[in-house]
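Residue numbers start from 1 in every chain, and the chains themselves are labelled A, B, ... in the order their sequence lines are given, proteins ahead of strands.
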Amino acid sequence: MENLIKSKILENAESLFQTTISEQQVQLQKTRKDVEGDLTLVIFPFVKMMRCSPLEAGAKIGDFLLKEIPAISNYEVVNGFLNLVIGNDFWVEQLKTINDTANYGLVAPNSKAAIMVEYSSPNTNKPLHLGHLRNNFLGYSVAEILKANGHKVIKTQIINDRGIHICKSMLAWQKFSPINESGERETPQNTGLKGDKLVGKYYVEFDKHFNTEAKAIITNWEQGQFDAVSTEVKDEFIRLTEAKAGKDEKAVKGIDDKIKDLAKNQTSILKEAKEMLVKWEAKDPEVYALWTTMNQWVYDGFAVTYKEMGVDFDKLYYESDTFILGKDIVEKGLNSGVFFKKEDGSVWIDLTADGLDKKLVLRSDGTAVYMTQDMGTAVERFNDFNDLSGIVYTVGNEQDYHFKVLFLILEKLGYSWAKNCFHLSYGMVDLPEGKMKSREGTVVDADDLMEEVVKTAFEMTKERGHIEGLSDDELNALCKMIGLGGLKYFLLKVDPKKRMKFNPAESVELNGNTAPFIQYTHARIQSLLAKSAMDLSSIAPSSINDSEKEIIKQLNDFPTIIAEAGKDYSPAVIANYSYELVKLYNQFYQSVTILNESDESLKQFRLILSKNVATVIKTAMRLLGIDVPNRM
RNA sequence: GGUUCCGUAGCUCAGCUGGAUAGAGCAACUGCCUUCUAAGCAGUAGGCCACAGGUUCGAAUCCUGUCGGAAUCACCA
């Protein structure tokens with residue numbers, strides 16, 4: 001309809017305005033709720049060229065459209081806005097089309113370019129937490145939204161299974177895990193702990209010893225004991241200590257942190273961990289075996305968590321495989337002059353002309369940095385999937401700079417797909433008390449949280465659900481649907497880019513802008529449809545009211561919303577749309593009677609309208625990774 | 001300090017490719033279950049859209065500056 005109006009105006013610009021106009025000047029928008037009309041044309045742009053008042057200009061265009069487009073039944077000009085009323089027949093037709101369209105709102109699968117969506121990508125040294133939940137739900141949902149837009153999607157993650165962090169857990173386990181009567185150290189099997197939890201426990205254990213040792217070293221330094229310390233370190237300590245004089249509290253804290261880092265680097269436990277990393281890189285059999293075993297524990301633990309989350313992956317990348325990649329690309333970049341080499345042998349790129357800094361891409365000892373392997377991995381992925389057009393990286397916004405640099409480097413290296421790489425940058429999740437801090441034990445564990453929300457859903461459902469006759473399995477499935485749905489929706493309804501506050505109490509809320517509210521509406525409709533038991537084929541209501549029209553309009557927007565959510569990589573767009581739809585439906589539901597309606601044509605129309613609302617709810621929620629029940 | 005992002009009701013968030021009187025939910029208060037699921041609906045109250053300029057017929061939205069908050073600027077990952 002918008003397009004029709006636009007083209008009519010553009011075609012007849014000559015006679016209407018005595019001049020041609022650009023498409024941009026034809027601004028159509030939805031009419032405000034509180035005035036009569038469905039579509040509104042902004043007429044300010046035409047006032048000057050028509051040499052008359054906004055009122056007259058509006059009337060002239062209104063008369064023209066009324067004559068040209070039969071579906072337009074009336075118009076009104078208010079304050080420079082031409083409000084067009086579109087006849088009910090048109091909206092009924094729209095509903096018919098929606099009802100007849102299979103997979104309404106979705107673009108034909110695999111009809112558009114292949115996109116890889118990377119998300120999750122955890123370290124294997126500790127369990128997943130609240131921040132990972134936002135990441136996973138977001139990545140999964142964006143993948144589904146891109147599929148709905150017709151793209152072929154490859155869901156992936158890169159598992160950070162190597163590096164000093166995993167050596168820390170391994171070392172701590174080796175040193176500090178108690179040995180039981182059968183001579184074994186702690187394992188998931190003999191402790192009953194989830195593998196990721198067990199490994200995480202030893203990461204914390206390492207940190208504890210690490211800090212204790214560092215503190216002892218600082219105490220020694222403060223007492224003037226610098227045995228076995230290089231003069232550089234000693235001088236640095238003295239320099240930093242002196243620098244504290246006269247500084248404010250914040251600056252002193254910053255310096256203290258630097259001193260702590262200095263001391264940490266001198267600890268024997270870190271040295272041991274570093275030695276272990278060297279052995280790992282040399283594929284020392286013993287270290288490698290331990291690494292394989294402990295990583296497997298983590299993978300097994302993660303698998304349980306992912307299953308509960310309802311997310312999955314099509315292809316996995318492991319950093320232990322990819323960390324060697326990228327060096328050949330550095331070589332190529334050196335030859336083509338994109339990179340330059342310093343005297344010490346380190347390789348850099350100068351991005352100052354692009355408003356960024358100089359960035360290291362290869363260490364002086366020839367080993368890779370993060371950037372090196374990210375370049376290599378990207379290229380690898382395009383080799384692995386020859387139809388791949390782009391990659392979406394779901395990674396927190398603390399890495400904004402990293403990705404800006406990465407994409408720019410890839411572009412400079414001449415990879416044409418670099419412009420199709422997108423950093424889906426999302427904000428951190430804060431608690432009501434502020435940031436999550438592992439040191440202060442305020443990190444919200446993913447497993448615990450999911451268990452908690454399901455438990456709450458259980459209590460609420462027992463209290464007010466319609467669950468007579470449900471088996472235990474059905475009840476459990478329902479509560480999981482409600483609890484996890486609520487959690488997902490809570491994390492997805494906020495614009496991904498924005499930092500958000502996570503209030504545990506609000507995340508299990510059932511009223512207002514929540515998944516249970518939406519799920520509830522779906523269940524209500526299903527109940528209606530089950531009771532109606534009539535053939536729903538003919539749509540020919542004697543008349544329709546405003547609340548019905550508003551619902552059709554909202555349904556009509558669904559394809560546009562999916563496109564918008566895809567373009568913006570934003571599940572929040574889908575969430576907010578669904579909430580609007582459900583609110584409109586509930587208003588309608590509460591204001592008319594459906595099953596007891598005596599006018600059969602009207603009754604049938606309302607049932608079909610309801611059915612399509614339920615279908616759109618279900619599709620929309622599916623794009624968020626949320627299931628909807630038939631009763632609750 | 002440089003760069004980037006953010007600042008909308010008491011709280012959590014929409015609205016941001018400029019358009020009419022800035023919207024929801026939560027919390028507070030009023031009503032509505034002899035009728036299809038009250039996890040619902042209707043209503044009341046709550047705002048110098050951080051601040052100051054500028055562009056425009058028109059600014060929460062665009063530009064500049066100020067203030068406040070966050071992230072980042074490693075031969076860490």
Side-chain angles (χ1 to χ4, degrees), chain A residues 24 27 29 31-35 40 42-45 47-48 54 78-81 83 123 160 162-165 261 319 323 342 344-348 355-357 359-371 373 396-402 404-405 425 427-428 430 432 435 457 460-461 463-466 482 486 490 493-495 497-503 505-507 509-521 523-532 572-573 575-576 579-580 582-583 585-597 606-607 610 631-632:
Chain A
Q24 284 189 334
Q27 295 176 50
Q29 55 195 249
T31 302
R32 290 172 57 101
K33 273 181 221 138
D34 49 358
V35 288
T40 292
V42 185
I43 54 185
F44 292 110
V47 170
K48 256 183 201 162
V78 187
N79 299 334
F81 296 90
N83 301 319
N123 288 338
N160 298 305
R162 68 163 282 279
I164 191 73
H165 56 81
D261 285 344
E319 205 192 305
F323 83 108
K342 283 196 181 173
D344 61 5
S346 58
V347 180
W348 297 71
L356 304 172
D357 302 313
K359 191 82 188 170
L360 179 87
V361 294
L362 199 67
R363 291 197 188 100
S364 52
D365 62 6
T367 57
V369 288
Y370 211 43
M371 193 61 74
Q373 48 178 302
N397 64 8
E398 74 270 16
Q399 294 199 34
D400 283 357
Y401 184 74
H402 174 80
K404 209 184 255 184
V405 172
S425 162
M428 296 292 106
D430 289 329
K435 282 177 77 163
M460 303 308 260
T461 302
E463 201 177 297
R464 49 179 131 180
H466 304 78
I482 295 171
F490 188 85
K493 73 177 174 185
V494 180
D495 183 342
K497 291 194 288 292
K498 289 195 176 167
R499 193 183 190 102
M500 69 178 291
K501 196 164 288 179
F502 180 81
N503 187 325
E506 280 174 29
S507 72
E509 187 58 55
L510 307 170
N511 307 314
N513 190 358
T514 64
F517 171 61
I518 295 168
Q519 290 168 321
Y520 177 72
T521 304
R524 258 181 164 179
I525 296 174
Q526 291 308 326
S527 165
L528 257 188
L529 295 173
K531 284 181 181 160
S532 75
V573 171
N576 289 322
Y579 177 57
E580 279 303 318
V582 165
K583 265 202 300 189
Y585 183 80
N586 278 319
Q587 284 159 20
F588 155 78
Y589 180 90
Q590 212 86 206
S591 66
V592 301
T593 178
I594 298 171
L595 292 177
N596 295 328
E597 172 59 52
R606 286 177 181 160
L607 282 167
S610 301
R631 51 184 293 198
M632 68 186 275

- Within a strict 4.5 Å, meaning less than it, do heavy atoms of the A:F44 and A:Q27 side chains meet? no
- Task: Using the C1' atoms only, state how far B:U64 lies from B:G15, rounded to an integer number of Å.
- Result: 24 Å
- Item | Results of salt bridge (charged side-chain N to carboxylate O under 4.0 Å, His left out) for A:R631 - residues two or more places apart only | A:E468
- Look at all strands and tell whether A:D495 reaches a base, only sugar-phosphate, or nothing, counting heavy atoms closer than 4.0 Å. sugar-phosphate
- For A:T514, answer base if it contacts any base atom (sugar-phosphate contacts may also be present), sugar-phosphate if it contacts only those atoms, and nothing otherwise; contact means non-hydrogen atoms under 4.0 Å. nothing
- Does A:R499 place a side-chain N or O at less than 4.0 Å from the phosphate oxygens OP1/OP2 of B:G7? no
- Message: For a quick check of understanding: with a heavy-atom distance under 4.0 Å over all strands, which category does A:K497 fall into, base, sugar-phosphate or nothing?
- Response: nothing
- Task: Tell me what A:D400 touches on the nucleic acid: a base, only sugar-phosphate, or nothing, going by heavy atoms under 4.0 Å.
- Result: nothing
- Message: Side-chain N or O of A:Q587 versus OP1/OP2 of B:A42: is the shortest distance under 4.0 Å?
- Response: yes
- Based on Watson-Crick and G-U pairs with both distances under 3.5 Å, what dot-bracket line describes RNA chain B 5' to 3', crossing pairs as [ ] and inter-strand pairs as |? (((((((..((((.....[...)))).(((((.......))))).....(((((..]....))))))))))))....
- Task: Output the single nucleotide from B:A39, B:A24, B:A14 whose closest atom is nearest the side chain of A:Y579.
- Result: B:A24
- Message: Once you apply a heavy-atom cut-off of 4.0 Å, does A:T521 come out as touching a base, just sugar-phosphate, or nothing?
- Response: nothing
- Item | Between OH on residue A:Y579 and OG1 on residue A:T521, distance to nearest 0.5 Å | 10.5 Å
- Message: Can you measure A:H402 atom NE2 to B:C73 atom C1' for me and round it to whole angstrom units?
- Response: 14 Å
- Task: Among the candidates B:G40, B:A14, B:C36, find the nucleotide nearest to the side-chain atoms of A:N511.
- Result: B:G40
- Message: Given B:A77, B:G19, B:G40, identify the nucleotide with an atom nearest to the side chain of A:H165.
- Response: B:A77
- Query: Using a cut-off of 4.0 Å on non-hydrogen atoms, how would the nucleic acid contact of A:Y401 be classed: base, sugar-phosphate, or nothing?
  - Reply: sugar-phosphate
- Message: Between P on B:G40 and CD1 on A:I525, what's the gap in Å once rounded to a whole number?
- Response: 14 Å
- Message: Once you apply a heavy-atom cut-off of 4.0 Å, does A:N586 come out as touching a base, just sugar-phosphate, or nothing?
- Response: sugar-phosphate
- Message: Regarding A:F517, tell me which of base, sugar-phosphate or nothing describes its non-hydrogen contacts under 4.0 Å with the strands shown.
- Response: sugar-phosphate
- Task: Check every strand shown and say whether A:V592 touches a base, only sugar-phosphate, or nothing at a heavy-atom separation below 4.0 Å.
- Result: base
- With rounding to the nearest 0.5 Å, note down the distance linking OG in A:S610 to CD1 in A:I525. 5.5 Å
- Message: Say we look at B:U35 and B:A22: how far apart would their P atoms be, to the nearest angstrom?
- Response: 40 Å
- Query: Picking from B:U21, B:C57, B:A77, which would you name as closest to the side chain of A:D34?
  - Reply: B:U21
- Query: Would one find a side-chain N or O of A:K33 under 4.0 angstrom from OP1 or OP2 of B:A20?
  - Reply: no
- Query: So what does A:R32 hit on the nucleic acid, given a heavy-atom distance under 4.0 Å: a base, only sugar-phosphate, or nothing?
  - Reply: base
- Message: I want to verify a distance call: between B:U4, B:C13, B:A39, whose nearest atom is closest to the A:K404 side chain?
- Response: B:U4
- Message: Testing the 3.5 Å rule here: is there a donor-acceptor pair between the side chains of A:R499 and A:N397?
- Response: no
- Task: For B:C36, take OP1 and OP2 only and decide whether either is under 4.0 Å from a side-chain N or O of A:K531.
- Result: no
- Given side chains that start at C-beta, do those of A:N511 and A:E509 come closer than 4.5 Å, heavy atoms only? yes
- Can you tell me how far the CG atom of A:L360 sits from the NZ atom of A:K342, to the nearest 0.5 Å? 8.0 Å
- Task: Report which part of the nucleic acid A:E319 touches: base, sugar-phosphate, or nothing (heavy-atom distance under 4.0 Å, all strands).
- Result: sugar-phosphate
- Item | Short N-O contact, A:R32 and A:D34, less than 4.0 angstrom | yes
- Would you indicate what A:K493 reaches in the nucleic acid, counting non-hydrogen atoms under 4.0 angstrom: base, sugar-phosphate, or nothing? nothing
- Message: Could you check whether any side-chain heavy atom of A:M428 comes within less than 4.5 Å of a side-chain heavy atom of A:K435, counting everything from C-beta outward?
- Response: no
- Task: Take atom CG of A:L362 and atom P of B:A77, then tell me their distance rounded to the nearest Å.
- Result: 12 Å
- dist A:D430:CG -> A:F502:CZ (nearest 0.5 Å) comes out at 12.0 Å
- Task: Determine the contact category for A:M500: base if any of its heavy atoms lies under 4.0 Å from a base atom, sugar-phosphate if only primed atoms, P, OP1 or OP2 are that close, otherwise nothing.
- Result: sugar-phosphate
- Task: Check every strand shown and say whether A:V494 touches a base, only sugar-phosphate, or nothing at a heavy-atom separation below 4.0 Å.
- Result: sugar-phosphate
- Query: Which whole number of Å gives the distance between the P atom of B:A59 and that of B:G2?
  - Reply: 32 Å
- Message: Measure CG/A:N503 against P/B:C11 and give the value in whole Å, please.
- Response: 13 Å
- Would you state whether a donor and an acceptor, one from the side chain of A:T40 and one from the base of B:A20, lie under 3.5 Å apart? yes
